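Shown next, in structure tokens, is the structure this report addresses.
Just so you know, these numbers come straight off a predicted model, no measurement behind them. In what follows, chains carry the letters A, B, and so on, assigned in the order in which the sequence lines appear, proteins first and then strands, with residues in each chain numbered from 1.
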Amino acid sequence: MAAAVGVGQQWVLVEMVQAFYEAPAYHLILEGILILWIIRLLFSKTYKLQERSDLTPKEKEELIEEWQPEPLVPPVSKDHPALNYNIVSGPPTHKITVNDKECINFASFNFLGLLDNEKVKNAAQASLKKYGVGTCGPRGFYGTFDVHLELEERLAKFMRTEEAIIYSYGFATIASAIPAYSKRGDIVFVDEAACFAIQKGLQASRSNIKLFKHNDMVDLERLLKEQESEDQKNPRKARVTRRFIVVEGLYMNTGDVCPLPELIKLKYKYKVRIFLEESLSFGVLGEHGRGITEHFGINIDDIDLISANMENSLASIGGFCCGRSFVIDHQRLSGQGYCFSASLPPLLAAAAIEALNIMEDNPDIFQTLQGKCKRIHRALQGISGLKLVGESFSPALHLQLEESCGSRENDVKLLKRVVDY
Amino acid sequence: MANPSAVCNGHLHYQKQNNLLKSGISKKNGITKGIKKNGVSNGSPYKKPFIEHFERTPMYVAVLTFLGFGVGTIFGYLRDFMRAWGLEKRNVAAEREQQKDFVPLYQDFENFYTRNLYMRIRDNWNRPICSVPGPQFDLMERVTDDYNWTFRLTGRTIKNVINMGSYNYLGFAETDANALKTVTKELQKYGTGICSTRQEMGTLDKHIELEKLVARFLGVEDAMVFGMGFATNSMNIPALVGKGCLILSDELNHASLVLGARLSGATIRIFKHNNMQSLESLLKDAIIYGQPRSRRAWRKIIILVEGIYSMEGSIVRLPEIVSLKKKYKAYLYLDEAHSIGAVGATGRGVVEYFGMNPDDVDVLMGTFTKSFGAAGGYIAGKKDLVDFLRTHSHSAVYATSMCPPVAEQIIRAMKCLMGLDGTTQGLQRVHQLGKNTRYFRRRLHEMGFIIYGNDDSPVVPLLLFMPGKIGAFARRMLEKNIGVVVVGFPATPITESRARFCVSAAHTREMLDTVLKALDELGDFLQLKYSRYSKSAHPELYEETRFELED
């Protein structure tokens, strides 16, 4: 059997050799050329289709030498309006000494006049004697003092919510609260006139931002409807996308209030959560100073998160968030400005507690404040060339030029002359 | 073997100089030694020995740690299952009835770690205190009836607990009436609040005084102060860099630096922790290849590093970074939150520690919370830089300024450090801190614990590794009346949970000895002495490393 196969193989070999001899010449030459070509291709170097030249080390050195960066900071002209600060000597209370000139202070956010209150100062002094100045640590690492816990309890009780959390800087409050809840892929509907801190919080959260026109509920509803129709197309994604509305109680940039009752209706209709920023309205609006929820008479549990800073009415430093425990407790581990930053100095916390005491004991100061605001509002109405923007009971008002001069720079210069006078 | 000081990792001294930037400091068994000074400074950027330790985790420890986490996770799933089916009570607050059909605020899985692993040892964090955070403090006693879900204050205080957790490096957290005299006066004069931003009515004469003093302290042209350290980073980095710029940031940078870098919109690239080759290769690639895809040149390149890294205890390799920065024309942003006041012969920070010129660092940033016992941050540098920040920083326009009593505290602490109040108390504090640091670290090494970080850094991380030991360590130390800080995942890598000690100038030798004795006992009890290189108490008689290296 094997022999037969061997013979068969040999037989094929012989046939092949014979065929080789019998083939025509051109055929052999063609095949020979093809074989040589294949050998050449096999042994030549490969090259990429896109000519990406690998730089020689010398060229790299040259590139490094030649590269010139921009200067670290662009030069600032000497007469930049913001360069020379107004220096205040002495305490910044109602009568203030600016650049050695005595003026009445209409520029600080000292709404309740607690900046030079003796009781507040005494409470701060007592705390200074007991605790020193700084806390030397974040909240998680022995930076939690009993004054912090007390302040949180008092704020929660005052605002009639379950829990409150304190931050050591007003700006960081809302800028840390928003990214703690809203992550990439979530949707936030925010008013156009939102303050800078909110904008930074939104930028840090990387969520999808949808702006609606200032205080325009129709525009907001339109956006919500659009979102709803998007959800119909992709229900699985919609089930995990969180939605938030961020508004301010009293807008810093325009001086008017947000229409909270309509917002609550929209909340339940479209299932979005509301974050309310009450820096200017805390301690100003409402019968007892509880802010815009008291002003409109809304159940505070309807708002998911209220954030405010203590630097305006409470004449201290820092900020707080209050709401239900379910919402607030999350920030204790994921609020960046809370976990990674030192806690509020105890003397400031004690001052805030004392200010709260004053607010609770004298609820008539809010009426006084609102009365004064209305008076000023009326008095400033009739000035020619200047327009008053802001609600009648808002303590922060904007005076705008009725007609613009043409360019923004000239407008700013004109306003500055008004200010300097 | 010739004279002892010629030892240098077994290589010839001169050869090493050339390879300094390329091969870097060689690691031998995880202990990195810098070049020892030999009387011949042959271009070595380090004027004193730079010794850092990052001993590798023993294999059996890593395995046991993962096992521990695995068991915890399994039990976590079991408990979640039981809670979902109502077999176990739910202790967490739940959403309102009216909002039950809203999209859930938290994903169940995001909180898995918090619910099941963190909750078991939660009593070691957020401990409330009721006295000044000096070298000793009073802790409020806190008990839990339901395994850490809720806490209850009993009303009793645990007195005179030794404080190894607060950032009180120079001991300025004090209530001595004499020391706080000026602060009390300023508080009475100015009150507590400001109610305005820097660019409006918020700049007091106190701020100007403070800024001049800070600039003088650091030896730079000008400085600007801000109300919060975290906000200093997150609001000023966006003002300095923007789109089209490149940020090279260290792996282990603080959350504020990371947030500032993200908010700026620039491209961020990360280099390995304190690794100069990684940084150099990133710099080269950045300049040669430009921006991704468009190949345009970068507008500017900025390197973000910290002086002392608070979780590792390592000090930045400043001389090498400065030489790299000069060669590649990048800018350097140095965050000295922990190092200002704590290192350096007179407490001026890492710039002084390495004997360098403060002009070499483009942006010097720091906070006043740690060494000065106050709050707030500063940025210092050339006048152009500070002028630019005064006009363009977000903090100057929108955020309130520092409150006056806090500013006064910083002024008095700085004057004390500089010797302007007529005493040598400041220098004494700095020396005491240095002595305490070296003593503490030496003794811990001798006992056989694994300690990370530079020999001169007052931040001392002691590795615990296993999750069960985190809770046990902190609780037992509290029973012995010592307050420590423990950190685990996610602040550290998952296998490297640690206890972090912050040595203070106010600690006396007796306090340190008490702590060391307790650590010794606890180390034996919990089997924490993992180090394979425990030194003897008399190294001059027997230098183990010298023998090893002569091969």
Side-chain angles (χ1 to χ4, degrees), chain A residues 60 63-64 67 69-70 72-73 75-76 80 82-83 85 87-89 91-92 107-110 115-116 121 124-125 129 131-137 139-142 144-146 149 168-172 196 203-204 242 271 311-312 315-317 325-326 333 336-337 340-342 345 348 351, chain B residues 93 95 102-103 114 125-130 132-133 165-168 173-175 187-196 199-201 203-205 208 227-228 230-231 255 259 263 287-288 297 299-300 329 331 362 369 373-375 384-385 387-388 390-391 398-400 403 406 409 483 485:
Chain A
K60 288 186 184 173
L63 275 174
I64 293 174
W67 178 66
E70 279 182 7
L72 180 59
V73 288
V76 176
H80 195 286
L83 183 56
Y85 290 156
I87 304 181
V88 174
S89 15
S108 302
F109 293 129
N110 183 10
L115 260 188
D116 55 348
K121 280 193 201 169
Q125 294 278 13
K129 279 197 192 48
Y131 296 107
V133 180
T135 54
C136 299
R139 287 291 291 257
F141 302 152
Y142 303 116
T144 308
F145 285 45
D146 44 355
L149 297 174
S168 55
Y169 204 48
F171 190 96
F196 191 72
Q203 197 185 350
R242 297 175 274 244
K271 313 226 184 313
E311 290 159 5
N312 302 333
S316 176
I317 305 262
S325 289
F326 175 70
L333 278 182
Q336 293 228 319
F340 295 112
S341 178
L348 296 170
Chain B
E95 180 66 281
F102 281 39
V103 175
T114 316
W125 289 284
N126 294 304
R127 287 185 177 155
I129 75 178
C130 51
V132 63
S166 295
Y167 303 133
N168 184 18
E174 54 197 355
T175 49
L187 177 57
Q188 197 56 37
K189 181 175 164 199
Y190 286 96
T192 54
I194 301 278
C195 301
S196 189
Q199 286 194 351
E200 293 173 11
M201 283 296 143
T203 307
L204 305 176
D205 41 3
I208 309 288
M228 182 196 194
F230 187 97
L259 185 63
L263 286 177
I287 300 182
I288 293 170
R299 282 174 42 208
K300 41 188 167 198
K329 297 191 260 283
Y331 299 112
D362 299 289
T369 338
D384 299 332
L385 168 72
D387 278 343
F388 179 79
R390 284 196 213 281
T391 47
Y398 293 107
T400 37
C403 83
V406 170
Q409 158 78 3
V485 156

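Only the side chain of A:L348 comes within less than 4.5 Å of a heavy atom of chain B; its backbone N, CA, C and O stay farther away. Heavy atoms closer than 4.5 Å to chain A are found in the backbone of B:E174, but not in its side chain. With a 4.5 Å cut-off on non-hydrogen atoms, A:K129 touches chain B through its backbone but not through its side chain. Residue A:A172 touches chain B through its side chain alone, counting heavy-atom pairs closer than 4.5 Å. With a threshold of 4.5 angstrom between heavy atoms, A:A351 approaches chain B through side-chain atoms but not through N, CA, C or O. For B:Y331, the part lying near chain A is the side chain, with the backbone staying farther off; criterion is any non-hydrogen pair under 4.5 Å. Contact annotation for A:L72: both backbone and side-chain heavy atoms come within less than 4.5 Å of a heavy atom of chain B.
Inter-residue side-chain proximity for B:M228 and A:S168 is flagged as met; some heavy-atom pair is nearer than 4.5 Å. You'll find the side chain of B:R127 stays beyond 4.5 Å of the side chain of A:F141, heavy atoms only. With contacts defined as side-chain heavy-atom distances shorter than 4.5 Å, the pair B:L187/B:T192 qualifies. At a threshold of 4.5 Å between non-hydrogen side-chain atoms, the residues A:Y169 and A:E311 count as touching. Residues A:Y131 and A:F145 form a side-chain contact, since some pair of their non-hydrogen atoms from C-beta on lies under 4.5 Å apart. Using a 4.5 Å cut-off on side-chain heavy atoms (C-beta onward), B:P128 and A:D146 make no contact.
Heavy-atom pairs under 4.5 Å with chain B peak, among A:Y142, A:F171, A:F340, at A:Y142. When the candidates B:T369, B:T400, B:T114 are compared by the number of heavy-atom contacts under 4.5 Å with chain A, B:T400 comes out ahead. Here B:I288 is the residue among B:I288, B:V406, B:L385 with the most heavy-atom pairs under 4.5 Å with chain A. When the candidates B:D387, B:L263, B:D384, B:N168 are compared by the number of heavy-atom contacts under 4.5 Å with chain A, B:L263 comes out ahead. Of the residues considered (A:G137, A:P345, A:G140), A:G140 shows the highest number of contacts with chain B, using heavy-atom pairs under 4.5 Å. With respect to chain A, the highest number of heavy-atom pairs below 4.5 Å among B:A173, B:A231, B:A375, B:A374 belongs to B:A374.
With hydrogens and angles ignored, the 3.5 Å screen pairs a side-chain donor or acceptor of A:K121 with a backbone N or O of B:Q188.
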